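Everything on this sheet refers to the single structure shown next.
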Amino acid sequence: MTAQANPQAARVVLEGVSKRFGQTVAVDQVSLTIEPGELVTLLGPSGCGKTTTLRMVAGLETVGGGRIYIGDAEVTHLPPNARDVTMVFQSYALFPHLSVFENVAYGLRVLKRSEAEVQKAVRDVLELVGMPGLEGRSPGALSGGQQQRVAVARALVMQPKVLLFDEPLSNLDAKLRKRMREEIRLLQQRLGITAIYVTHDQAEALAISDRIVVMDRGRVSQIGAPGELYKAPGNRFVAEFIGEANFLPAQLESAEDGWAGIRIGPQRLRVQSRPVAVGPVTVLARPEAIRITAGGDGLAGTIQKVSYLGSSADYTVETELGPILVTDYTMVGGVLSTGTTVRLEFLPHGVYPLPATP
Amino acid sequence: MTAVGNPACLLGGLGLLLTTAVVPFLSREGQLLPGVGREWLSLTALSLSGRFPGFWVLAVLALAWVGAGLLRQDHPHRPALWGGSVGSVLVLWLTWVAGVKPYAFGPGAMLALAICLLVLAYGLSQGGYIRADTFVAGSILALAFFVLLFILFPIFSVLRNSVMDAGGLRPGLLLETLGRYTALWRVVRNSLGLAIFVGVTSTLIGLAFALAAARSRSRLTILLRAFSLLPLITPPFVVGLAIILLFGLQGFVTSQLLGLKTRGIFGFPGLALAQTLSFAPVAFLVIASVVESVNPALEEASLTLRAGPWGTFRKVTLPLLRPGLANAFLLTIIESLADFGNPIVLGGEFEVLSTEIYFSIIGRFDQTLAATLGLILLSFSLTVFLLQRYWLGERSYVVVTGKPPSGKPMPLPRGLEIGLLAFCAAWCAFSLAIYLFVVYGGFVEIWGINDAFTLRHYRQLMRDGMDALQTTLILAGISAPLTATVGILLAYVVVRHRFPGRGALEFSSMLSFAVPGTVIGIGYIMAFNQSPFLLTGTATILVISFIFRNMPVGIRSGVAALAQIDQALEEASVTLRASFATTIRRVVLPLIRPAIISALVFSFVRSVTAISAVVFLVSAKWQLSTKVILDQAENGRYGLATAYSTVLILIMAAAIAFMYLVVGKRAAAGGLEGGGLA
Ligand SMILES: Nc1ncnc2c1ncn2[C@@H]1O[C@H](COP(=O)(O)OP(=O)(O)O)[C@@H](O)[C@H]1O
Ligand SMILES: [Mg+2]
């Protein structure tokens, strides 16, 4: 990655970390290594245990089982204020009774830094997050985006070993969310900080992560770089959660290292694959990697439903393999209407045989 | 992982070593410290170890900690955890076996216990049993210890005294005592009958007030809110005295207006009236909060479904209020059962449990009977309390009270509104008359016999009553900040932290809502009038009883305030390296300031008006105002009693006005609820 070497940045290791609340198993045997300077996202649907995992790293939640290391030290049972980890909260958690300046200065004052040092560090970090000049304001008088920046500044000024984010953008509107995630990523890369970022928004995760940890019901479902998860999901859950997906029955006819020959309906194609046995398989077909043609020898179908989205059009096409979702970004032939009979052609880069799941 | 040394164990070990060697573990009964010199040295743990080998174990523990403190070890929390637990139990046990007459616990015992609990707290927090630091873990242990010693132990002592006398433990004693106490059934019937009657009347009046206050558009509603304050600033005998002045043998109504010479008001009629006057405001507060939380959309839905205002009121509104009504009813029963001030002045021949307990101790000197009756009273109160908690589902403090739903509440049907307002106005006028008569009574030579105006009672008050007033104000002033601290700290740990035994701590602290003051009072005498915990006759026990009787006020205020604060603020603070103590100081306290002030004021007010528990605990040296009023009233000297009451009312009105000024109306109202319901 482009990160500079940051001597503060630490490796974070989770070894079989678990947590239950009464009967609910919130986090189940999560093992994970985050390299120094890396931004790793915990991604998954609401309730899958992302926040709980993050809070155990911060020390805000007792660890039910397993161990956590930050840098060279085990921190499993250390209280949060002994961990050198800071966090940006979903609600920002800015102290309402303190000014912007005092919010950012809070941690430094706790550490009894000299006044000169506090002044300089706070102004520098507010500059860094693009918020100079508002030091005297009360947090309540700031916009959502500004509060977000103050929260990031307050966490950064401590130069933590690890920076944690719990859905930091979920209270912003869609446009601002996009801008803020780019800024957070740039900042993190520039400073070379180790960061763990929790979100349920797959687009956000794809956009900012070095690696993504997809979680499902408290377990790690798959870990990988964004492109890897999208192109080669390890299971149906990941495929479905990241991007749109069709799951189609297909025949795997040949397999050699890294490649597979498959047949979907009438079409034969050679696609990248992890080792899979010859025989019937389920393949993932991304909707944007299916071409709609008027003729040819592709899979025959009838358009059932059309959603026009401006830059693209979504079609649901009824075929012998079941309904298939197709996204057309070209719309060269205009928008088709329901009832049209069409042929579907699968493009190899968007088709991936899923490993048989137990 | 390895840790070099173990500072907590090292410090704890050294401290404990020092304590065992030079600090007197025990001291002479009634003294804080033994005399310096030989007696001092003869009472250190080390000197006592000759007679009680257990003290050697304490010294060995201290040495072991020092050793553990110097060694490198993988799990520094383990010696702290084990040593701390063993040490705490050991210190308590040693205090118990060694602290026999004429000796009681001394500074060494307290210090040793504090050290052991602190090291244990360190072990608990470092071992990950409590997700917090030593400060929070220590607070939890300290609170648990205090709750055990000052709430559960006294209750246990009542239990013990009912089955144990000079002849040792005899479970049959209980039945024997009841067998010789022939008035039992009458007293029980009186208490329960009165409580249920007052429960019904108070709930009905509370409902009328709540509906009128929450739903009427009349200006009168402000008056109704003020009415809810009355019982808070009312010293215990005021209502009873006023009823005597109005309806007694020389009563204004009975004697002067009607020309009757009757003592008929004494007993059930007077009591029912006095208690209804006293407790209807409590019922009002409970029901009003439910009325306000009724979602107007439900009533609007009913109206759109063609139900008229009356139909909607009967079929939608009233059923929604049912839990509030039940709650008010049960709370009033608890209050009525516990009431001591009214029955003692108005009861006459109509004995109830609380006064019978008092007379068993004060008149008959029969602790066994007092304990037995206390147990019966306690079991009634607890049953009702548990009903309220579990049946009505109000399981814990940690029920976040939702915001009142938005929308305009439905007005009452016109006829109902007018009726309610008229009734409430009349009742308020009656309440007001009560207070006026009390004030007036202080200026009359001899009520009903010589109506001449006089300042005699006030002069006598200046002469004889000032000591007690001063003691009252000083002790209430000392206990208020302690009560607020203990209550809010307890609220904080229970709301914000998860730890083993949290539910038990919460429940036991809530018990002081339910345990009648007379029972706590006799519990305190039984628990603390003998070694090793000797406290009776001191100001300390008065302060302690104020703290633990009023702690729920602090807890309620604290819980309500904490519910308003996003927990992430505190989490942000600790991840920014602040300790929990710093977090409390810099984040929590500034944000809950209004709750602190209202907790301070209300615990002060409640201490000044306390009677049922402290009546057993006052001494010639430490006399309280309410006890002085009681003595005057019992002797029929109503002039002085009412003059004294007037002064107390003024002091408390000033305290509450001060609070309104400082924290504003909303926070004050929040605290009011805490104060009124506790
Ligand atoms: N304090 C808690 N008490 C009880 N259950 C909890 C608590 N915190 C989280 N849970 C449960 O643990 C599971 C995981 O929660 P969380 O980590 O918040 O999920 P996510 O952040 O992925 O949405 C959920 O089922 C949630 O209900
Ligand atoms: Mg979450």
Side-chain angles (χ1 to χ4, degrees), chain A residues 21-22 51 54-65 67-69 72-98 102-113 139 150-151 154-158 160 162-164 166, chain B residues 1-4 7-8 74-78 80-81 121-138 496-500 502-503 561 564-594:
Chain A
F21 293 105
T51 299
L54 198 73
R55 289 168 59 83
M56 286 193 284
V57 175
L60 296 170
E61 208 76 74
T62 46
V63 175
R67 288 156 183 265
I68 299 176
Y69 301 88
D72 297 325
E74 180 180 353
V75 299
T76 315
H77 295 305
L78 279 191
N81 54 347
R83 290 194 181 199
D84 216 349
V85 168
T86 57
M87 183 154 166
V88 176
F89 291 82
Q90 185 165 11
S91 57
Y92 313 138
L94 298 179
F95 305 125
H97 58 302
L98 300 179
E102 286 305 321
N103 260 282
V104 178
Y106 184 89
L108 299 174
R109 296 212 190 281
V110 165
L111 296 181
K112 303 223 163 34
R113 295 286 162 75
V150 176
R154 187 178 66 179
L156 276 178
V157 80
M158 302 298 288
V162 188
L163 185 52
L164 308 179
D166 187 6
Chain B
M1 300 271 99
T2 57
V4 183
D74 285 345
H75 299 285
H77 67 271
R78 285 194 187 155
L81 207 56
Y122 170 83
L124 286 172
S125 70
Q126 296 299 304
Y129 296 93
I130 296 175
R131 173 77 310 159
D133 57 12
T134 309
F135 168 76
V136 173
R496 289 295 205 244
H497 293 278
R498 298 288 168 273
F499 51 91
R502 171 175 159 270
Q564 304 294 317
I565 305 178
D566 183 2
Q567 188 171 355
L569 292 178
E570 292 150 56
E571 295 175 347
S573 171
V574 289
T575 55
L576 292 166
R577 311 295 294 277
S579 67
F580 284 84
T582 306
T583 301
I584 290 176
R585 192 162 47 81
R586 291 211 183 166
V587 178
V588 180
L589 291 187
L591 292 175
I592 64 169
R593 210 180 61 98

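Note that the structure is predicted; figures quoted are calculated from it, not measured. Residue numbering restarts at 1 for every chain, and letters A, B, ... go by the order of the sequence lines.
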Looking at B:Ala578, B:Pro590, B:Ser125, which makes the most heavy-atom pairs under 4.5 Å with chain A? B:Ala578
So for [X], is it side chain, backbone, both, or neither that comes closer than 4.5 Å to the heavy atoms of chain B?
X: A:Leu94; result: backbone
X: A:Asp84; result: both
X: A:Arg154; result: both

Would you indicate whether the side-chain heavy atoms of B:Val574 and A:Leu60 approach each other to under 4.5 Å?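 A side-chain contact exists here, since the closest heavy-atom pair is under 4.5 Å.
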Side chain to side chain, B:Thr575 and A:Pro160, heavy atoms closer than 4.5 Å: no
Heavy atoms only: give me the nearest [X]-[Y] pair and the separation to one decimal.
X: A:Tyr106; Y: B:Val587; result: OH-CG2, 3.5 Å
X: B:Ser579; Y: A:Asn81; result: CA-ND2, 3.0 Å
X: B:Ala568; Y: A:Phe89; result: CB-CD2, 3.8 Å

Does the side chain to side chain contact (heavy atoms under 4.5 Å, CB included) test come out yes or no for A:Thr62 and B:Arg498, once each step is laid out? CA-CA 9 Å; A:Thr62 46; B:Arg498 298 288 168 273; over 6 Å; no
Return the set of residues passing ring-ring contact (aromatic ring centres under 6.0 Å, His included) with A:His97 (not counting sequence neighbours), or none when no residue passes. none
Sequence neighbours excluded, the answer for ring-ring contact (aromatic ring centres under 6.0 Å, His included) partners of B:Phe580 is B:His497
For B:Leu569, is it the side chain, the backbone, both, or neither that has a heavy atom closer than 4.5 Å to a heavy atom of chain A? both
Side chain to side chain contact (heavy atoms under 4.5 Å, CB included), that's the test. Do A:Val110 and B:Arg586 meet it? Break it down for me. CA-CA 10 Å; A:Val110 165; B:Arg586 291 211 183 166; 4.0 Å; yes
Check: A:Gly107 main-chain N/O paired with B:Arg577 side-chain donor or acceptor under 3.5 Å: no
As an exercise: rank A:Glu61, A:Arg83, A:Arg109 by heavy-atom pairs under 4.5 Å with chain B and give me the winner. A:Glu61
d(B:Asp566 CG, A:Tyr92 OH) to nearest 0.5 Å is 12.5 Å
